Every structure is written in C-alpha cells, then in structure tokens.
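Reading through the structure tokens given below for one structure.
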Amino acid sequence: LDVSTGDFSLTGDLEFEALIEEIQKLSPKEIIVSKNTSKLYEYLESDPGFSRLRVIPIESWLFKSYKNSYDLLLEFFDKTSLNSFGFEKFKGSVEACAFILNYVKNHQKIVLKNIKFIHIYDRSDYLILDKATIEHLNLLSSENTQCQGSLFHYLNKCLTTLGSRFLFKRIRYPYKKIQDIQKTQNAVLELLENPQLLEAFESSLSSVCDLSKILSRCAISPLESRYL
C-alpha cells in the first residue's frame with residue numbers, strides 16, 4: 001500500500017525465497033508480519049539488507065475470519081460482490097487485505113480516503129528480476145533520483161511524474177507473456193505512425209501535474225495554493 005497515492009497492490013502464493021525477493025524489490029518502509037510467521041520476522045530483523053525496514057509483529061488472532069473480512073471489504077468499497085477484484089486467485093488474500101485496511105484505519109485513518117481499488121498481480125505474468133540482477137545490470141536507481149548510466153535514466157523522457165512511475169514499474173516488472181508485449185508495442189507503433197497525434201499528446205501532457213498525489217491530497221485536506 002502506497003500511502004502517498006492510495007495505490008493498493010496484492011500478490012500471493014509465494015515460497016519463502018520469492019517472498020524475500022518481492023520485499024527487496026518493493027523496498028517498503030514498513031511491513032506487518034504475523035507472529036505465527038516467526039521465520040520471516042527473524043529473517044527481516046537479522047538481515048542487514050533490511051536494516052531500514054520497520055517490521056511490525058502482530059498477533060495472528062487479529063486477522064478476521066474470511067466472512068468478516070469479506071464483509072469488511074464489501075462495506076469499505078461499497079460493493080455487493082468482490083468478483084471484480086480477483087481475490088479468488090490467492091488463498092488468504094481477503095483476510096490479508098482486510099487486516100491492512102483495519103491497521104491503516106487504526107494508525108493512519110486519513111489514508112483510507114485515497115484507496116479506491118486493490119490491484120491483484122501474479123508474478124508469473126512478469127519476468128522475475130531479483131534485487132541483485134537489477135543492481136548488477138544498473139536497471140534502476142530509485143524512483144526519486146536518476147543515477148547516471150542506469151537504464152531508467154536513459155529511457156525516462158516522460159513528460160509527467162505519472163509516466164515516470166509507470167516506466168519505473170515496467171522496468172522493474174517487465175512483461176513475460178507475448179500478448180502483453182505485443183499490445184504495448186502496437187500502442188507505441190500507433191503513436192509513431194501518427195506524429196500529429198503524438199504531438200497533441202505531448203502538448204497536453206506537458207502541463208499535467210502529479211494527479212495521483214494531488215488527488216490524494218484532495219482527499220486528505222484542502223489543497224494549498226501551489227497545487228492549484
């Protein structure tokens with residue numbers, strides 16, 4: 001959960017090593033761990049690579065039952081069904097999401113206004129790049145700083161911060177399925193073959209601010225004058 005934008009993503013069914021890789025790749029500031037998963041807690045606490053990560057152990061009984069969790073999500077998103085989310089893909093996903101929302105409600109309640117949907121992704125849809133591979137190939141620096149020589153630095157000609165974040169994510173999670181790759185290529189080709197359309201897009205996007213964060217601020221409090 002990105003509290004600055006309200007982006008909420010979920011994946012699951014990961015073996016221990018894959019889970020560690022995903023945590024390294026996402027580089028969260030905080031992680032909530034059930035005390036039942038002592039192996040994960042001990043690993044995160046002892047590994048120097050996670051020294052800046054705040055690990056919050058919680059009692060397993062705080063996880064609500066499936067029915068209570070399902071009802072909580074229905075109420076939160078004002079839905080009559082959760083079929084559009086795809087929770088059935090991963091066991092325990094409903095309970096995990098409900099717990100996170102409950103945790104945020106108790107500790108950062110104001111963030112709840114920004115959460116509109118939960119994006120569920122499957123690691124099998126993407127080429128898996130671990131942290132070591134990303135660093136050795138110099139694919140990324142960080143989302144906020146462009147390291148000279150990184151692939152992200154050379155490719156990032158985006159006119160908006162939204163575009164830069166999307167590019168950062170796509171390099172970190174490159175498509176593996178041929179249909180997804182071709183769909184992206186066809187979209188790029190259409191723009192390249194229509195220079196007037198491309199120019200119109202560039203002209204319109206050049207004045208677009210960081211909409212995700214502005215809308216997030218709108219939900220939290222009145223905007224300051226510099227955002228208008």
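The model shown is predicted, which means the values in this text are computed figures rather than measured ones.
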For residues 184-193, which side-chain N or O atoms pair as donor and acceptor with protein atoms under 3.5 Å away, sequence neighbours left out?
from   : atom 1 : to     : atom 2 : distance (Å)
Thr184 : OG1    : Asp180 : O      : 3.2
Asn186 : ND2    : Gln182 : O      : 3.1

Can you label the angle between the Tyr175 ring and the Tyr126 ring as parallel, tilted or perpendicular, going by 30° and 60°?
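It falls in the parallel class, under 30°.
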### Message
Between Ser206 and Phe201, does the side-chain contact (heavy atoms from CB on, under 4.5 Å) criterion hold? Intermediate values first, please.
### Response
CA-CA 8 Å; Ser206 61; Phe201 268 128; over 6 Å; no
Practice item. Check Phe85, Phe77, Phe8 against Phe117 for a ring pair (Phe, Tyr, Trp, His ring centres under 6.0 Å) and give me the one that passes. Key: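 Exactly one option meets the ring pair (Phe, Tyr, Trp, His ring centres under 6.0 Å) with Phe117, and it is Phe85.
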Is any NZ, NE, NH1 or NH2 atom of the basic residue among [X] and [Y] found under 4.0 Å from an Asp or Glu carboxylate oxygen of the other?
| X | Y | value |
| --- | --- | --- |
| Lys89 | Asp122 | yes |
| Arg123 | Glu22 | yes |
| Asp125 | Lys177 | yes |

**Asked** What closest approach, in Å, do Leu26 and Arg172 show between heavy atoms, and which atom pair accounts for it?
**Response**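 For Leu26 and Arg172, the tightest heavy-atom pair comes out as CA-NH1, 4.1 Å.
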### Task
Locate the shortest heavy-atom distance separating Phe76 from Leu112; write the atom from each residue and the value.
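Scanning both residues completely, I find the closest heavy atoms to be CZ-O, 3.6 Å.
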Distance check, rounded to the nearest 0.5 Å: [X] atom [atom1] versus [Y] atom [atom2]?
| X | Y | atom1 | atom2 | answer |
| --- | --- | --- | --- | --- |
| Phe99 | Ser69 | CZ | OG | 10.5 Å |
| Leu205 | Leu162 | CG | CG | 9.0 Å |
| Leu73 | Ser93 | CG | OG | 9.0 Å |
| Leu44 | Ser51 | CG | OG | 11.5 Å |
| Ile120 | Phe87 | CD1 | CZ | 5.0 Å |
| His107 | Ile56 | NE2 | CD1 | 7.0 Å |

Do [X] and [Y] make a side-chain contact, defined as non-hydrogen atoms from C-beta onward lying under 4.5 Å apart?
| X | Y | answer |
| --- | --- | --- |
| Ile118 | Ser9 | no |
| Tyr70 | Ser81 | yes |
| Ile100 | Leu1 | yes |
| Lys29 | Leu53 | no |

If you draw the axis of the six-membered ring of Phe16, does the NZ or CZ of Lys39 fall within 45° of it and under 6.0 Å from the ring centre?
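Lys39 over Phe16 ring: yes.
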Please determine whether residues [X] and [Y] belong to a single hydrophobic cluster, defined as Ile, Leu, Val, Met, Phe, Trp and Tyr linked transitively by side-chain heavy-atom distances below 4.5 Å.
| X | Y | result |
| --- | --- | --- |
| Phe90 | Ile128 | no |
| Leu151 | Leu137 | yes |
| Val33 | Leu19 | yes |
| Ile20 | Leu14 | yes |
| Leu10 | Val3 | yes |

- Task: Applying side-chain contact (heavy atoms from CB on, under 4.5 Å), run through Ile23 and Phe50 and close with a yes or a no.
- Result: CA-CA 9 Å; Ile23 295 173; Phe50 294 107; 3.6 Å; yes
query = Do Ser150 and Asn138 have side-chain atoms, one donor and one acceptor, less than 3.5 Å apart?
reply =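 Per modelled atom types, Ser150 and Asn138 side chains form no pair under 3.5 Å.
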Heavy atoms from other residues, nucleotides or ligands near [atom1] of [X] exceed 12 (cutoff 6.0 Å):
| X | atom1 | value |
| --- | --- | --- |
| Gln179 | CD | yes |
| Glu199 | CD | no |
| Lys91 | NZ | no |

Say whether, by atom type as modelled, one donor and one acceptor occur between the side chain of [X] and the main chain of [Y] under 3.5 angstrom.
| X | Y | answer |
| --- | --- | --- |
| Ser164 | Cys158 | no |
| Lys176 | Ser124 | yes |
| Lys25 | Leu129 | yes |

(message) Less than 6.0 angstrom separating the ring centers of Phe152 and Phe168, yes or no?
(response)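 Yes - the distance between ring centres of Phe152 and Phe168 falls below the 6.0 Å cut-off.
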Practice task
Take Leu140 and Ile171 through the side-chain contact (heavy atoms from CB on, under 4.5 Å) test and state the conclusion after the steps.
Solution key: CA-CA 8 Å; Leu140 303 166; Ile171 295 176; 3.7 Å; yes
Applying salt bridge (charged side-chain N to carboxylate O under 4.0 Å, His left out), name anything that partners Glu95, two or more places apart in sequence or on another chain.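 Listed in chain order: nothing, the list is empty.
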Margin query: The test is side-chain contact (heavy atoms from CB on, under 4.5 Å); show your working for Ser34 and Ile58 and say whether it passes.
Written below: CA-CA 5 Å; Ser34 169; Ile58 52 95; 4.3 Å; yes
